[in-house]
Amino acid sequence: MVIVRKVRRVGNSLMIPLPPETLSESGFVEGMEVEISSRPGEVDMRPLNGPSPDLVEFAARFTGRYRQALTELAKG
């Protein structure tokens, strides 16, 4: 997934808001610690002690395939 976001100032820091779809696909949740590495023009983020990339990929495929059924289940 490719998205475009603006860098925003929050207090003395800069932030980039991530949409729910990106968070869901990446497996990031509120309060999770992330490992951030950077090089000129690029930033990588990974969950620290988070789910394995294989699990995140499986969950993304599963929710994509069964999104409609999961939505119906959530409605009750």
Side-chain angles (χ1 to χ4, degrees):
M1 173 186 312
V2 176
I3 60 166
V4 175
R5 289 289 196 223
K6 287 188 178 187
V7 177
R8 299 180 184 174
R9 179 164 300 283
V10 177
N12 290 328
S13 299
L14 297 176
M15 67 161 262
I16 302 169
L18 300 175
E21 298 83 10
T22 300
L23 295 170
S24 176
E25 184 176 56
S26 67
F28 290 179
V29 294
E30 184 176 353
M32 176 183 278
E33 291 184 314
V34 296
E35 174 184 277
I36 302 170
S37 58
S38 63
R39 57 199 162 285
E42 295 185 30
V43 175
D44 294 318
M45 295 189 321
R46 289 178 201 81
L48 188 62
N49 299 323
S52 73
D54 291 338
L55 177 61
V56 172
E57 180 184 340
F58 170 79
R61 283 194 327 264
F62 181 89
T63 54
R65 182 174 180 182
Y66 297 107
R67 184 171 309 281
Q68 183 174 353
L70 292 167
T71 301
E72 293 299 317
L73 282 171
K75 289 179 184 176

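Numbers here are sequence positions counted from 1.
In terms of the side chain to side chain contact (heavy atoms under 4.5 Å, CB included) criterion, residue partners of R5 (sequence neighbours excluded) are, by chain and number, I3, I16, P17, P19.
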Which atom pairs, one a donor and one an acceptor, fall under 3.5 Å between side chains of residues 63-76 and the rest of the protein, sequence neighbours left out?
unit_1	atom_1	unit_2	atom_2	d
T63	OG1	A59	O	2.9
T63	OG1	A60	O	3.2
T71	OG1	R67	O	2.8

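There is no path of hydrophobic side-chain contacts, each under 4.5 Å, that joins F62 to L55. M15 and L18 fall into different hydrophobic clusters, where Ile, Leu, Val, Met, Phe, Trp and Tyr residues are linked whenever their side-chain heavy atoms come under 4.5 Å apart, directly or through other members.
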Go through V43 and I36 one step at a time and tell me if the side chain to side chain contact (heavy atoms under 4.5 Å, CB included) criterion holds. CA-CA 7 Å; V43 175; I36 302 170; 3.7 Å; yes

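Minimum heavy-atom separation, S26 to P47: O-CG, 4.4 Å. Shortest non-hydrogen contact noted between E25 and V56 is O-CG1, 2.7 Å.
Here the side chains of R46 and L48 are not in contact, with every heavy-atom distance at 4.5 Å or above.
Taking CD from E33 and CZ from F28, the interatomic distance works out to 12.5 Å, rounded to the nearest 0.5 Å.
Residue R61 places its CZ atom among more than 12 non-hydrogen atoms of other residues, nucleotides or ligands, all under 6.0 Å distant.
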